[in-house]
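All remarks here apply to the structure that follows.
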Amino acid sequence: MDITEGEGALMTAIQNILMSGGVDDPVTESERILAETRDLEFADMWERAVSMARTRASGVPLGYVLGRQRFMGVEIEVNPGVLIPRNETELLGWEAVARLREVRGARGMGARVIDMCCGSGNLACGIAHAIPGAEVWASDLMEDCAQLAMRNAKRLDLGGRVHVASGDLFKPLAAMGASACDLIVCNPPYISSHRLNRDRQDLLSHEPRQAFDGGPYGLSIYQRLVHDAASFLLTGGWLLLELGVGQATSLDLLLQRSGYYDRIELVPDPQGEPRVAAARRGPAITDGH
């Protein structure tokens, strides 16, 4: 059996294992597993690929199996305990890139960005990679997330422009000089506690609850962000939030009632579902004026 035939047989074996585990796209995932092991000697490649396929078939997310996830054109290291970046979150990232380019030019010279609830640092690193003139401050409540985000920034040679801290929302960033920003981006926990205890329990099999649980109505972090973000934005700066399906009306109302934003837009995904809320910081209103 030559190498080509051997890889073909291994591909078939991997796909069969994945199909037996009910994986939705066994062809694509088998290709990614094969690519991950191709540098090994064939016998080791077979053993490693089959082991990874069996782990995946048991229900472990592919990102954890591979140890990384591609996001906005960069490879993000992921590990258990930290949310795996989702493809749908790229809509949020590229929307941020587009708005930064509008106000700061193609290279975004002088752009200042905050990535709140940064997780693995996928948005912070993706935006910094796409906008070479941007400086990004990232924060997450969980120390493990902050450490991973910092590791990703350094590995991607972005450590000089991506600054990471751990703490509650904006508190750890103020001391690092994160003020008067052009844009704040956030993919917060936005699934209600009730749903996580019922029809979305599957999400908690391998990934951390704190990455999903948005409180009783899925809006707890949004309610704080909408208020607190205003003091960290330049007039005309943008707050960009990822939305859960069906949350657009609630977020639109929350942003309008805050009084901080003079323009609110809902950005749809390719299926037409609003998945990003964009709010522009209006002029500050002083008492008595």
[X] to [Y] - nearest heavy-atom pair and separation:
{"X": "I114", "Y": "C181", "result": "CG1-SG, 3.6 Å"}
{"X": "I131", "Y": "A106", "result": "CD1-O, 4.3 Å"}
{"X": "A53", "Y": "I14", "result": "CB-CG2, 3.8 Å"}
{"X": "L92", "Y": "C186", "result": "CD2-O, 3.6 Å"}
{"X": "L156", "Y": "C125", "result": "CD1-CB, 3.9 Å"}
{"X": "Y261", "Y": "V226", "result": "OH-O, 2.7 Å"}

In terms of heavy-atom contacts, does NE2 of H129 have more than 12 from other residues, nucleotides or ligands at under 6.0 Å?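 Incorrect, the count does not exceed 12.
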
More than 12 heavy atoms of other residues, nucleotides or ligands under 6.0 Å from CD of E47: is that the case?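 Counting other residues, nucleotides and ligands, CD of E47 stays at 12 neighbours or fewer.
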
Is there a chain of hydrophobic side chains (I, L, V, M, F, W, Y, each step under 4.5 Å between heavy atoms) that links [X] to [Y]?
{"X": "I221", "Y": "L141", "result": "no"}
{"X": "L40", "Y": "V50", "result": "yes"}
{"X": "M142", "Y": "V185", "result": "no"}
{"X": "F42", "Y": "M11", "result": "yes"}
{"X": "V276", "Y": "W94", "result": "yes"}

Compare all side-chain heavy atoms of [X] with those of [Y] and state whether any distance is below 4.5 angstrom.
{"X": "V267", "Y": "L91", "value": "yes"}
{"X": "R56", "Y": "V23", "value": "yes"}
{"X": "N152", "Y": "S120", "value": "yes"}
{"X": "R112", "Y": "W137", "value": "yes"}
{"X": "I76", "Y": "L148", "value": "no"}
{"X": "L219", "Y": "L251", "value": "yes"}
{"X": "Q69", "Y": "N122", "value": "no"}
{"X": "Y64", "Y": "P80", "value": "yes"}

First locate atom [atom1] of [X], then atom [atom2] of [Y], and finally report the distance between them rounded to the nearest 0.5 Å.
{"X": "E273", "Y": "Q271", "atom1": "CD", "atom2": "CD", "answer": "9.0 Å"}
{"X": "N187", "Y": "E88", "atom1": "CG", "atom2": "CD", "answer": "8.5 Å"}
{"X": "L243", "Y": "L241", "atom1": "CG", "atom2": "CG", "answer": "7.0 Å"}
{"X": "L173", "Y": "M176", "atom1": "CG", "atom2": "CE", "answer": "6.5 Å"}
{"X": "L254", "Y": "T249", "atom1": "CG", "atom2": "OG1", "answer": "12.5 Å"}
{"X": "R70", "Y": "R68", "atom1": "CZ", "atom2": "CZ", "answer": "9.5 Å"}

Test side-chain contact (heavy atoms from CB on, under 4.5 Å) applied to R32 and L62, step by step: CA-CA 9 Å; R32 292 188 63 189; L62 183 63; 3.6 Å; yes

Among H227, R280, R281, the one residue meeting side chain to side chain donor-acceptor pair (under 3.5 Å) with Y260: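 The option that passes is H227.
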
Should the pair [X]-[Y] be classified as a salt bridge under the 4.0 Å nitrogen-to-oxygen rule?
{"X": "E36", "Y": "R48", "value": "no"}
{"X": "E7", "Y": "R38", "value": "yes"}
{"X": "R224", "Y": "D168", "value": "yes"}
{"X": "E265", "Y": "R99", "value": "yes"}

Determine, step by step, whether W238 and D182 satisfy the side-chain contact (heavy atoms from CB on, under 4.5 Å) criterion, reporting the C-alpha distance in whole Å, the side-chain angles of both residues, the deciding distance to 0.1 Å, and the verdict. CA-CA 6 Å; W238 288 94; D182 298 280; over 6 Å; no

Has [X] got a side-chain atom pairing as donor or acceptor with [Y]'s backbone, closer than 3.5 angstrom?
{"X": "D252", "Y": "A248", "value": "no"}
{"X": "D115", "Y": "A138", "value": "no"}
{"X": "R155", "Y": "E75", "value": "yes"}
{"X": "Q247", "Y": "G244", "value": "yes"}
{"X": "D140", "Y": "C145", "value": "no"}
{"X": "S30", "Y": "P26", "value": "yes"}
{"X": "R104", "Y": "R107", "value": "no"}
{"X": "S139", "Y": "L169", "value": "yes"}
{"X": "T37", "Y": "L34", "value": "yes"}

Check the pair Q147 / V164 against side-chain contact (heavy atoms from CB on, under 4.5 Å), numbers first and verdict last. CA-CA 8 Å; Q147 291 294 329; V164 186; over 6 Å; no

Verify side-chain contact (heavy atoms from CB on, under 4.5 Å) between V113 and I184, making sure each step is shown before the conclusion. CA-CA 6 Å; V113 180; I184 295 172; over 6 Å; no

